[in-house]
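Just so you know, these numbers use all the heavy atoms, side chains as well, and skip hydrogens, waters and symmetry mates. The shown structure was predicted, so the numbers you read here are calculated from the model rather than taken from an experiment.
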There are 2 protein chains.
Amino acid sequence: MAVSVREVAALAGVSLGTVSNVLNRPDKVAPTTVDRVQSAIATLGFVRNDSARQLRAGRSSTVGLIVLDGGNPFFTDVARGAEDAAMDKGLAVLIGNSDESTDRERTYVDLFEERRVAGLLISPAGDDLSRLARLRDQGTAVVLVDRRADDEHFASVSVDDVAGGRIAVEHLAATGRTRIAFVGGPSSIRQVADRHAGALSAARAAGIGLEVLPTASLSVLEGRRVGEALQARPRAERPDAVFAANDLLAVGLEQAFIMRGTIAVPEEIAIVGYDDIAFAEAAVVPLTSVRQPAQDLGRQAIELLTKQVELGQDIDLEHVEFTPELVVRQSSVADA
Amino acid sequence: MAVSVREVAALAGVSLGTVSNVLNRPDKVAPTTVDRVQSAIATLGFVRNDSARQLRAGRSSTVGLIVLDGGNPFFTDVARGAEDAAMDKGLAVLIGNSDESTDRERTYVDLFEERRVAGLLISPAGDDLSRLARLRDQGTAVVLVDRRADDEHFASVSVDDVAGGRIAVEHLAATGRTRIAFVGGPSSIRQVADRHAGALSAARAAGIGLEVLPTASLSVLEGRRVGEALQARPRAERPDAVFAANDLLAVGLEQAFIMRGTIAVPEEIAIVGYDDIAFAEAAVVPLTSVRQPAQDLGRQAIELLTKQVELGQDIDLEHVEFTPELVVRQSSVADA
DNA sequence: CTGTTAGCGCATTCAC
DNA sequence: GTGAATGCGCTAACAG
């Protein structure tokens with residue numbers, strides 16, 4: 001069924017080594033021979049067996065990418081950036097979706113490890129990086145994505161989430177909001193914790209408090225749930241502004257406030273989201289959001305990864321950190 | 001660096017064959033031996049090399065999925081369904097994003113073929129299925145996703161796009177619209193052509209015409225472009241309803257009509273989208289849309305694929321076709 | 001420039 | 001229940 005180099009060699013009337021040379025070092029072979037071999041490949045429909053290739057060569061040309069939420073446009077943008085950069089370098093990207101679950105994450109890490117990927121790009125679900133450290137010690141390049149590495153064990157590409165949380169709340173405070181709530185969770189997700197920390201510091205600086213409304217995940221549904229709970233409160237006990245840990249939550253909040261309820265945005269409650277996904281601009285009330293350069297994140301991650309692969313383990317691990325930027329729309333300022 | 005079964009065998013004091021048995025048929029090995037081998041595996045941090053495994057076994061436990069647009073929530077839902085169903089069966093899913101480009105599609109098909117995937121799930125970018133036919137003839141299971149197979153060469157999982165286009169325009173006609181436009185393209189994408197065909201038949205049945213506003217792709221940006229063109233027209237020459245080939249286009253149209261312009265939706269122009277992605281409900285004006293069971297599509301595709309793999313080539317190829325459903329919201333009926 | 005050779009790591013016979 | 005031998009398809013020396 002499967003055609004092997006041996007059959008190609010037989011048809012072309014050359015040896016098996018020559019076929020391999022045509023495949024991998026065409027310049028080392030006489031042009032006429034190249035032609036003969038290639039037409040044999042074409043007529044036989046030969047396709048290289050990557051398993052054999054990889055087994056023999058020892059190295060792989062695929063990298064793994066594990067994202068926290070495959071359904072979140074932010075991560076599909078990251079993936080797209082990584083994919084494009086990888087394609088330019090002749091690498092393939094395998095994508096895994098951990099869905100914020102450490103179990104699913106482990107499954108994918110194992111899978112990629114068995115596949116002997118050249119490297120791993122990962123947005124870790126939890127704080128336990130020991131498994132990744134082991135991977136890295138065994139020689140697999142690892143780059144943390146959307147998460148700054150604390151120590152020197154990992155290279156990382158991230159956005160300053162503390163700064164992001166800060167500018168969000170600074171904006172709300174500057175526009176006169178005094179009862180601000182932070183919506184997000186679980187706090188085991190570093191991005192959530194950092195954005196909360198930034199929000200808290202800005203709130204303190206402004207001399208106001210910061211209520212926390214925890215969520216089980218960063219989804220539209222969870223946002224809607226919190227929004228409905230808020231709406232059930234007496235008007236006086238509601239916050240006058242909400243900072244959501246991502247845009248999905250913010251969209252859910254809008255749905256509860258406006259479409260299922262009667263809370264005016266931004267008059268009664270202002271909303272600021274995070275990520276600035278493409279749909280933020282198209283929301284019921286266009287969403288003010290903290291923009292992250294998602295595609296650049298993915299692209300840069302591949303850069304760091306290939307650098308690590310090429311230079312070996314002994315290079316200084318790099319930490320690229322982008323600065324987020326506030327995009328103001330009507331959900332926080334009526335006449336934006 | 002990499003630990004092999006040989007070293008595990010040495011540490012456990014058994015032979016290499018026994019280690020293999022522990023890995024693949026633990027019941028064939030004495031319990032005490034199993035323990036000894038497993039603790040050796042643990043202390044050495046042994047990880048199976050899937051390339052070697054696959055090379056030897058001849059078969060693979062991964063399937064490829066190629067989607068038309070990785071940034072479209074419809075396809076991320078399809079992917080999610082496929083991923084979940086695959087995980088249940090111990091399969092891994094490699095995802096490729098063709099981005100509606102036949103070149104990118106070919107790159108991924110080649111990649112997956114070299115990887116010797118057990119099967120391929122694909123939403124083809126064009127009409128040339130000959131490459132896939134060859135794949136299938138060589139024994140690789142192929143399932144067309146979101147596209148009904150014309151002939152008997154492929155199994156397929158689809159949604160009746162002609163019916164979908166029909167109910168969209170029937171709804172618009174029934175609510176009194178008479179100058180309806182279809183927005184979408186390129187028509188080389190089958191889904192687009194089918195939805196258009198359905199729309200056309202409904203328009204004819206209602207005794208009205210159907211203007212076609214072609215787009216280069218199914219993106220928010222293209223929708224916005226068409227929307228701005230429409231807005232530049234004299235009021236009398238505008239359609240009073242637009243049926244967009246997918247929700248991304250519809251969202252772009254809304255952005256142009258409402259946020260950058262002054263066309264009232266649905267009063268002046270009604271909009272119906274397609275896919276009913278999660279953001280349709282959260283749009284500026286909640287979007288009427290033709291719902292497709294995206295996750296079920298992915299899940300069902302894996303079912304057909306595994307059936308094909310298990311039963312070989314000679315089974316009757318199945319065609320599962322779902323029926324779409326109209327979800328009416330404010331973008332088409334003011335008081336929905 | 002081309003042919004020959006020796007494994008990569010593992011799963012699978014078949015003896016024992 | 002266990003172990004020694006064989007080869008999956010390919011690449012990378014090296015010899016011619």
Side-chain angles (χ1 to χ4, degrees), chain A residues 1-38 40-41 44-62 90 110 113-118 138-140, chain B residues 1-38 40-41 44-62 110-111 113-118 138-140:
Chain A
M1 190 104 301
V3 185
S4 84
V5 280
R6 177 171 277 104
E7 300 167 54
V8 174
L11 180 62
V14 298
S15 89
L16 173 164
T18 301
V19 177
S20 176
N21 278 333
V22 171
L23 255 28
N24 303 299
R25 283 170 299 280
D27 47 305
K28 291 273 188 184
V29 182
T32 60
T33 314
V34 172
D35 287 349
R36 219 168 57 241
V37 171
Q38 264 166 354
I41 288 177
L44 257 33
F46 167 77
V47 175
R48 237 176 358 204
N49 183 327
D50 191 70
S51 295
R53 180 186 173 75
Q54 190 175 314
L55 176 58
R56 176 63 230 216
R59 63 198 144 58
S60 154
S61 62
T62 78
D110 288 350
E113 203 177 350
E114 290 188 1
R115 294 278 191 291
R116 297 292 191 271
V117 292
Q138 287 174 8
T140 304
Chain B
M1 191 106 301
V3 184
S4 86
V5 280
R6 177 171 276 103
E7 300 166 52
V8 173
L11 180 62
V14 297
S15 93
L16 178 161
T18 302
V19 176
S20 177
N21 277 334
V22 171
L23 254 29
N24 302 299
R25 281 172 301 282
D27 47 306
K28 290 272 186 184
V29 182
T32 60
T33 315
V34 172
D35 287 349
R36 217 167 58 238
V37 171
Q38 263 165 356
I41 288 176
L44 255 34
F46 166 77
V47 176
R48 250 192 328 220
N49 183 327
D50 190 70
S51 295
R53 181 185 173 76
Q54 191 175 313
L55 175 58
R56 175 64 230 225
R59 60 197 146 60
S60 153
S61 63
T62 78
D110 288 350
L111 191 73
E113 203 178 351
E114 290 188 2
R115 295 280 191 290
R116 298 289 191 272
V117 293
Q138 287 174 7
T140 304

Look at the side chain of A:Phe46 and decide which nucleotide, out of D:dC10, C:dG3, D:dT2, has an atom nearest to it. D:dC10
Nearest whole angstrom, please: distance from the C1' of C:dC1 to the CZ of A:Arg36. 12 Å
Rounded to the nearest 0.5 Å, what separates atom CG in A:Asn21 from atom OG1 in A:Thr33? 10.5 Å
Grab the CG-P distance between A:Leu16 and D:dA12 for me, whole Å please. 13 Å
5' precedence on DNA chain C between B:Val19 and A:Lys28 (nearest-nucleotide basis): A:Lys28
Within the structure, does a side-chain N or O atom of A:Ser20 lie under 4.0 Å from either OP1 or OP2 of D:dC10? no
What's the CG-P distance between B:Asn49 and C:dG7, to the nearest Å? 18 Å
Flag the pair A:Thr140 / A:Glu113 as yes when at least one side-chain heavy-atom distance between them is below 4.5 Å, and no otherwise. no
Do A:Arg56 and C:dG7 have a side chain to base donor-acceptor pair shorter than 3.5 Å? yes
I want to check something: taking the side chain as every heavy atom from C-beta on, are B:Arg115 and B:Thr62 in contact at a cut-off of under 4.5 Å? no
How many whole angstroms separate atom CD of A:Gln54 from atom C1' of D:dA12? 17 Å
Minimum-distance nucleotide to B:Val29 side chain [options: D:dT2, C:dT12, C:dT2]: D:dT2
If you only use heavy atoms from C-beta on, which nucleotide in C:dG3, D:dA4, C:dA11 is closest to the side chain of B:Ser15? D:dA4
pair B:Asn24-B:Arg53: side-chain heavy atoms closer than 4.5 Å: yes
Contact class for B:Ser4 (heavy atom, under 4.0 Å): base, sugar-phosphate, or nothing? sugar-phosphate
What's B:Ser51 touching, base or sugar-phosphate or nothing? Going by heavy atoms closer than 4.0 Å. nothing
On a heavy-atom basis, which atom in B:Arg116 and which in A:Val47 lie closest, and how many Å separate them? NH2-O, 2.7 Å
Side chains of A:Leu23 and A:Phe46: does their closest heavy-atom pair fall under 4.5 Å? yes
Within this structure, what is the CD-to-P distance between B:Glu114 and D:dC8, rounded to whole angstrom? 20 Å
From CG of B:Asn24 across to P of C:dG9 the rounded distance in Å is 17 Å
Map B:Ala30 and B:Ala57 onto DNA chain D by nearest heavy atom, then report which one ends up closer to the 5' terminus. B:Ala30
So which one's nearest nucleotide on DNA chain D is more toward 5', B:Arg116 or B:Gly17? B:Gly17
Quick one: B:Asp50 CG to C:dA11 C1', roughly how many Å, whole number? 13 Å
Closest-nucleotide mapping onto DNA chain C: is B:Leu23 or A:Asn21 further toward the 5' terminus? I mean the 5' end. A:Asn21
Without decimals, in angstroms, what is the distance between B:Arg6 CZ and D:dG3 P? 14 Å
Side-chain N or O of A:Arg53 versus OP1/OP2 of D:dT11: is the shortest distance under 4.0 Å? yes
Taking the minimum atom-to-atom distance to the side chain of A:Ala52, which one of D:dC10, C:dG9, D:dT2 wins? D:dC10
